[in-house]
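Notes follow the structure.
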Amino acid sequence: MKAISILGSTGSIGCNTLKVVEHLGDIRVVAMAAGRNMAVFAEQIAAFKPELVSCGDDGCAEELTRELHRLNADVPRIVTGDAGLVAVATNEQAETVVSATVGAVGFVPTLRAIEAGKRVALANKETLVMAGELMTAAAAKSGAELLPVDSEHNAIHQCLRGETKREVKRLILTASGGPFRTKSKAEIENATREEALNHPNWKMGDKITIDSATLMNKGLEVIEAKWLFGFDADEISVVVHPQSVVHSMVELVDGSIIAQMGVTDMKHAIQYALTYPERRENCLPGLDLSQLSRLDFEEPDLERFPCLALAYDALRQGGTMPAALNAANETSVQAFLDGRIKLSEIAQINAGVMQAHTSEPVADLETVLRVDAWARNAADQLLAVKATSAAISN
Ligand code: MG
């Protein structure tokens, strides 16, 4: 029986991973980590009986113990915080680690799992954006496999089966365009939290849903694609495809374009990453081609969606610039979710932080963490300036 551990089990990818595990029937979950949602975590622990679990802090651990007692479930070994995440990520029994925490918190544990030579089913794109150099170098050293769970990269991974790198002309990432694809610049600027969280095709966590509305998600995915597949910015294109049926494509040197199509459900990509190279039946309905009236493809509009341009810029500058952009974006998205800034100000804050940052080589983990902390602080300062000027004009 295969053994896995899950980082971020109560999130959208984590919950779907458990559904896939249930469906496959021959995978054991040996370790799990979740942040704060202890009621759901306790139910997951009661159902899947991992030996090791990790949660946010001691307060969470107490709450989790109470919840487990309430469910009459066995209490496994509980660890907490950053060290707890690393313990789950490097659990000896787990051959595969599903890395599905949101944002930078998953960075160190994912790196440790790669260093330990585990297969990493990677749903946390921030990890590769922050330090693709370190992740890929560690994987090359330990022999760890990186299997993308992000639907676009999972699609490209499928399209590249059997192709060599020199046969590939470019990668084509599809973007749904999000809820504001057809909206004007002014409508996007004044969009509410609810409008921005209303993604047309995918049901996901809040942070990634906002990133999808600004197309920052696609920008982060361009950077992610570079590290997963080894192509440069000029060899990675983005095309808006509102139906989200084609999950991404690869153009080969002879002009052929290979596309991967399927239903929009993350369980497909998760199962692929867990069972690769084997393909198995999954629990999803097939794609009904007769129900597709049309497939549209259009160029992304970088003027209405400047975050995508920022990501290309960060990738071209290289070094620590993508890490700075990622940290700025996490901060500005949270500020938008908290109702502190407008949607269009996310790009302004991100651009401001990039401008203030001088990129340096990604020498080691410490460099990345230092830049990450610096960029969050820089974004906070720009947010404070905005708040002050807004108060004055009111
Ligand atoms: Mg994606």
Side-chain angles (χ1 to χ4, degrees), residues 8 11-17 20 98-103 106 110 120-130 132 135 146-160 171-181 196-229 231 236-250 259-274 284 287 297 300 305 307-308 310-312 314-315 322 325-326 329-330 333:
S12 167
I13 296 288
C15 291
N16 276 314
T17 299
V20 170
V98 178
S99 171
T101 52
V102 178
T110 304
V120 174
L122 190 65
N124 178 316
K125 69 192 73 181
E126 288 87 348
T127 299
L128 280 178
V129 172
M130 287 173 74
M135 297 290 168
L146 282 175
L147 267 288
V149 171
D150 209 347
S151 64
E152 294 79 0
H153 307 77
N154 188 267
I156 287 173
H157 192 275
Q158 298 191 44
C159 294
L160 288 175
L171 311 180
I172 307 170
L173 296 169
T174 54
S176 71
F180 306 126
R181 181 177 61 88
L197 284 174
N198 185 23
H199 194 277
N201 303 344
W202 293 95
K203 188 154 175 15
M204 306 174 288
D206 286 356
K207 198 261 173 183
I208 186 171
T209 305
I210 300 301
D211 283 346
S212 300
T214 61
L215 290 201
M216 179 48 92
N217 181 53
K218 209 52 53 182
L220 298 176
E221 288 180 353
V222 169
I223 301 172
E224 182 185 10
K226 182 211 158 72
W227 294 115
L228 280 170
F229 306 113
F231 291 88
I236 306 168
S237 315
V238 171
V239 65
V240 174
H241 166 49
Q243 290 87 3
S244 294
V245 168
V246 174
H247 294 150
S248 276
M249 299 174 264
V250 168
Q260 189 265 335
M261 303 197 288
V263 293
T264 51
D265 191 308
M266 290 310 299
K267 288 193 277 296
H268 173 87
I270 294 166
Q271 178 167 317
Y272 179 90
L274 293 181
L284 300 170
L287 180 64
F297 300 97
F305 300 102
C307 282
L308 180 56
L310 290 179
Y312 268 104
L315 180 55
L325 172 61
N326 177 66
N329 185 61
E330 279 191 34
V333 167

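One-based numbering along the sequence shown. One-based numbering, in listed order, for ligands and for the atoms of each.
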Next on the checklist: Against His153, only a single residue in Lys125, Glu224, Gln158 fulfils side chain to side chain donor-acceptor pair (under 3.5 Å); can you say which?
Outcome noted: Glu224
Proximal heteroatom of [X] relative to the Mg ion (ligand 1) (N/O/S):
{"X": "Glu152", "answer": "OE1"}
{"X": "Asp150", "answer": "OD1"}
{"X": "Glu221", "answer": "OE2"}

Checklist entry - Can you tell me if Asp211 uses its side chain to pair, donor with acceptor, with the backbone of Met216 under 3.5 Å? => result no
Item to check | Pairwise distance CD1(Ile210) to CG(Asn217) - rounded to 0.5 angstrom | outcome: 11.5 Å
Next on the checklist: If we count only N and O atoms by modelled type, under 3.5 Å, do the side chains of Thr110 and Ser99 hold a donor and an acceptor together?
Outcome noted: yes
